[in-house]
Each structure stands twice: as structure tokens, then as C-alpha cells.
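Structure first, commentary second.
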Amino acid sequence: MLRFGLCCIFKDQPIRFRQTTAKFLEQFSRREQLARLSAICVANVQSVYKALAFLADNQIGAFRIMTPLFPRYTHPKVGYRLEELPDAEHIQAGLSAIRDFRHKKDIRLSFHPDQFNVLSSPRPEVVKNTLREIEYQGMLAESVGAEVINIHAGGRYGSKKEALGRLKKNFQLLSDPVRSRLTLENDDISFSPADLLPVCKELSIPFVYDIHHHRCFPDVLKEQEATEQCIALWHTLGREPYFHISSPKNGWQAGSSRPHADYINPEDFPPFWLPLNATIDVEAKAKELAVLQLKKDLEL
DNA sequence: GCATGTCAAGTTGTG
DNA sequence: CACAACTTGACATGC
């Protein structure tokens, strides 16, 4: 069976995630900062629970939790720890409720740290910040029972080989809970499936295959080959494979295929994925509407 | 209300 | 050289 995944937010459902900025927080006392952050964390944890309830009601089997669930958690000036927040116990209870619910309903959870997280960077400061941010997401992943923390390999810096060497070295600096969840995904300009599959094998971590990126940035592997190698890697680890799908906003003409469309064009969905036991994250601007539409289109 | 400018962070390619 | 793109706008402010 295929399992479809929703990414981060909703379009129509009244489920929203709150945010704040360091600059705004800095005008307040520390006490007031923590009070505001606490209120946002409480609201966001509740929103994740509502999100999972919607997923369960609509047979959507996976959810990607947005990175700033706890906004500015690792910020050098306004960063904080959960225990410092006035509602810490309430928040912890909410995270536990999410974990219980996702187990009961068999919903897969993942995180996708954003583009500032670069394990292959030659700059120590960048790597340090990356490690801290990924460890934060690892803490959250533990709390809610998320299985995957998926990242890209970062920049090339003139030598992909050396960049991947740094990535492999820095991987060893991560904690066990993070390493057991980390996955690498092919991107659309620098690292293709053929670049990353060997790295994943070496590190004994899974590979997330984004077929849209592969179409933007092809390599020696055919789509079917990349799919098979991705599956093999997940199966070696006894886990269910993960794929990403999206459609280009402006068609496939050169140069403009990268931005995501509102919905998935069913013709972009590879037919050889249909019989698989796997999770497909749907990256589309129309969010839950796009997931439901794709399910409908494929069942016809 | 609604439009607008701003917000931590990295890297790359385009115009 | 400025800016958009990337998994994802939200928020405060000023009219």
C-alpha cells in the first residue's frame, strides 16, 4: 500500500502554526520573551495534534512537522530550553499525546531541517550551528516519536568528493538518536541520487528519493533504478521507503521547472510506484487539498 | 480590515 | 551584483 504524506501546513483547514522573530522578542524582558515563546509552543503542539486528527480522518498516513515548531529554539540570543518555559509541563504532555496518537493511528512523522543546515560546509561555524539545530529537531523527534530527520547534502564548494567527505565526518558528531533518524535527499542542483546512494550505504542510513529533483537534475540512474536502490537501502534497515513527489509550476521547459505547482499532475506520478509499500510526501502548494486530489486521481 | 515590509541561519544559478 | 529558489509564511505595523 502507498501511504501519502502532507508537508507542514494546511491550505483550507483552520489549522495554523505560529511564529515569532528574534528581533521582535528582543524588545522584551527575558521573562516576557519566555512567556510569549511558551504560548506559541503550546499553540503549535495543539496544532500538530489537530493536524494528525485530520490526517487520521482522511486516510493520510504521514506528516512532516514544520521546523520552527518551537520558534527560535537555537537562536544565539533568544534561544531557550523547554524547561525554561512557563508551560513546559503542558507542552511535554502535548508532545506525548502526539506520540500516542501517531502510534495508535500509524501515522509516520518526519522533520526536514531547512537550507541553513549544511553538514558539508567547510566553515566550522556553519557546521556548529547545523549540529545544534539538528540536535534540537532530534529532541523533538524523540518526544513525538518521529522516525525521520531528512536533510540535503549541502553545497559543492568546487569538489563534491571533499564536500561529502566532510559530511561523513560531521555525521559522526551527531548523537545516536539523530543518527538513527537521519536521511539524505537528492537536491535539484548539486547532489543527485547517484552521488548520495553510496554515502548512505557507507553511513548505513536511508536515502529519500525526490523524483522531481531528479528530473530537474538527472544523472546516470533512470528513475526506476533510483527507486529500486532507494527501496533496497530502506529494506536493509527494516524500514518503509520514503519518496517525494511534486509537479513544476511552469511546466517542464528549461530553467523554470523548479518552483512547485499547487497540485500534482497525475502524469508526473511514476506508474512503477503504484504497487509499492512506501510513503510519498506530496510537495504541493495546495497542501491537504493536493494530497486528497492525488489520492483520488490515482484510484481512478 | 488590508497592504506592506521584515524576519537567524547557506549556497547556487539567473537576469 | 542583486535576487530568487529551496520543504513552509507569519507577524507587526501603519494606513
Side-chain angles (χ1 to χ4, degrees), chain A residues 5-11 15-28 36-37 39-40 43-44 47-48 51 62-80 109-134 136-137 146 148-160 163 166-167 183-191 208 210 212-213 216-217 242-250 253-262 264 280-288 290-291:
Chain A
L6 172 66
C7 299
C8 305
I9 56 176
F10 291 80
K11 179 156 168 89
I15 300 171
R16 295 288 176 265
F17 294 91
R18 294 185 54 197
Q19 254 293 14
T20 190
T21 63
K23 186 136 190 166
F24 177 65
L25 288 171
E26 277 175 21
Q27 68 181 297
F28 302 110
R36 285 175 177 268
L37 288 162
I40 294 176
N44 285 352
S47 289
V48 171
F63 186 58
R64 182 186 302 173
I65 299 178
M66 57 161 30
T67 304
L69 189 74
F70 291 0
R72 306 286 82 90
Y73 188 86
T74 64
H75 188 278
K77 285 197 190 132
V78 302
Y80 54 98
L109 297 178
S110 67
F111 288 88
H112 197 353
D114 58 33
Q115 63 271 27
F116 311 110
N117 295 284
V118 190
L119 279 182
S120 62
S121 177
R123 296 164 52 192
E125 192 63 22
V126 172
V127 174
K128 197 179 117 211
N129 291 342
T130 299
L131 294 173
R132 189 170 54 187
E133 177 69 16
I134 299 181
Y136 146 65
Q137 307 212 12
V148 166
I149 301 173
N150 178 42
I151 61 171
H152 293 291
R156 304 190 293 272
Y157 312 94
S159 166
K160 286 207 231 185
R166 285 191 296 271
L167 184 150
T183 63
L184 290 179
E185 176 190 343
N186 59 305
D187 63 65
D188 54 0
I189 50 174
S190 296
F191 292 98
V208 172
D210 186 314
H212 179 68
H213 288 158
C216 295
F217 184 60
Y242 236 109
F243 302 105
H244 291 179
I245 183 98
S246 50
S247 281
K249 185 185 173 79
N250 303 311
Q253 70 266 31
S256 61
S257 56
R258 277 195 281 156
H260 290 164
D262 290 344
I264 305 298
I280 320 285
D281 269 357
V282 176
E283 297 180 335
K285 301 278 186 201
K287 297 297 161 190
E288 81 277 18
V291 179

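Protein chains get the first letters and strands the later ones, always in sequence-line order, with residue 1 at the start of each.
- Residues S110(A) and N150(A) bring no donor and acceptor atom of their side chains to less than 3.5 Å of each other.
- Closest to the I189(A) side chain, of the nucleotides dA10(C), dT8(C), dT12(B), is dT12(B).
- Among the atoms of the strands shown, base atoms are found under 4.0 Å from some heavy atom of Q115(A).
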Pairs of donor and acceptor atoms involving the side chains of residues 151-158 of chain A, under 3.5 Å and at least two apart or interchain, shall be tabulated with distances.
{"residue": "H152(A)", "atom": "ND1", "partner": "E185(A)", "partner atom": "O", "Å": "3.1"}
{"residue": "R156(A)", "atom": "NH1", "partner": "I189(A)", "partner atom": "O", "Å": "3.0"}
{"residue": "R156(A)", "atom": "NH1", "partner": "S190(A)", "partner atom": "OG", "Å": "2.8"}

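- L119(A) has its side chain out of reach of R166(A): every pair of non-hydrogen atoms, C-beta onward, lies at least 4.5 Å apart.
- Here dG10(B) is the nucleotide among dT8(C), dA10(C), dG10(B) with the atom lying nearest to any side-chain atom of R123(A).
- Side chain of T183(A) to backbone of V208(A): no donor-acceptor contact under 3.5 angstrom is found.
- The side-chain tip of R16(A) does not point at the ring of F10(A) from less than 6.0 angstrom away and within 45° of straight on.
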Under 3.5 Å, which protein N or O atoms sit close to an N or O of nucleotides 3-7 of chain B? Give each pair with its distance.
{"residue": "dC7(B)", "atom": "OP1", "partner": "K23(A)", "partner atom": "NZ", "Å": "3.3"}

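- Looking at T20(A) and I40(A), their side chains come closer than 4.5 Å, going by heavy atoms from C-beta outward.
- Y136(A) places its OH atom 17 Å from the P atom of dA9(B), with the value rounded to the nearest Å.
- Residues forming a salt bridge (Lys or Arg N to Asp or Glu O under 4.0 Å) with K160(A) (at least two apart in sequence, or on another chain): D195(A).
- Here F116(A) does not pack flat against the base of dG10(B), since the 5.5 angstrom centre distance and 30 degree tilt limits are not both met.
- Listed by chain and residue number, R64(A), H244(A) satisfy the side chain to side chain donor-acceptor pair (under 3.5 Å) test with E283(A) (two or more places apart in sequence, or in another chain).
- When the P atom is used for both dC6(C) and dA8(B), the distance is 22 Å, rounded to whole Å.
- Within the 4.0 Å cut-off from OP1 or OP2 of dT8(C), not a single side-chain nitrogen or oxygen of R64(A) is found.
- When each of F17(A) and H112(A) is assigned the nucleotide of DNA chain C with its nearest heavy atom, H112(A) is the one assigned upstream, toward the 5' end.
- Applying the side chain to side chain donor-acceptor pair (under 3.5 Å) rule to T74(A) yields the partners E133(A); only residues at least two apart in sequence or on another chain are considered.
- The residue H152(A) sits close only to the backbone: its heavy atoms come under 4.0 Å of sugar-phosphate atoms, none of a base.
- Proximity of S121(A) to the phosphate of dT11(B): a side-chain N or O atom is located under 4.0 Å from OP1 or OP2.
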Checklist line | Secondary structure of DNA chain C in dot-bracket form (Watson-Crick or G-U wobble, distances below 3.5 Å, | marking inter-strand pairs) | finding: ||||||..|||||||
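- Using a 4.0 Å heavy-atom cutoff across all strands shown, K287(A) reaches sugar-phosphate atoms only and no base atom.
- For H244(A) and dC6(C), the NE2 to P distance is 15 Å, given to the nearest whole Å.
- Checking dC11(C), dT12(B), dA8(B) against the side-chain heavy atoms of H75(A) singles out dA8(B) as nearest.
- Among the atoms of the strands shown, base atoms are found under 4.0 Å from some heavy atom of E133(A).
- The two atoms that bring A284(A) and D262(A) nearest to each other are CB-O, 3.2 Å, heavy atoms only.
- Nucleic acid contact for T74(A): base, since at least one base atom lies under 4.0 Å from a heavy atom of the residue.
- For P76(A), counting side-chain heavy atoms from C-beta on, the closest listed nucleotide (dA12(C), dT12(B), dA8(B)) is dA8(B).
- Distances shown here put a side-chain N or O of R156(A) below 4.0 Å from the OP1 or OP2 atom of dG13(B).
- Rounded to whole Å, the P atom of dT4(B) lies 23 Å from the corresponding atom of dT8(C).
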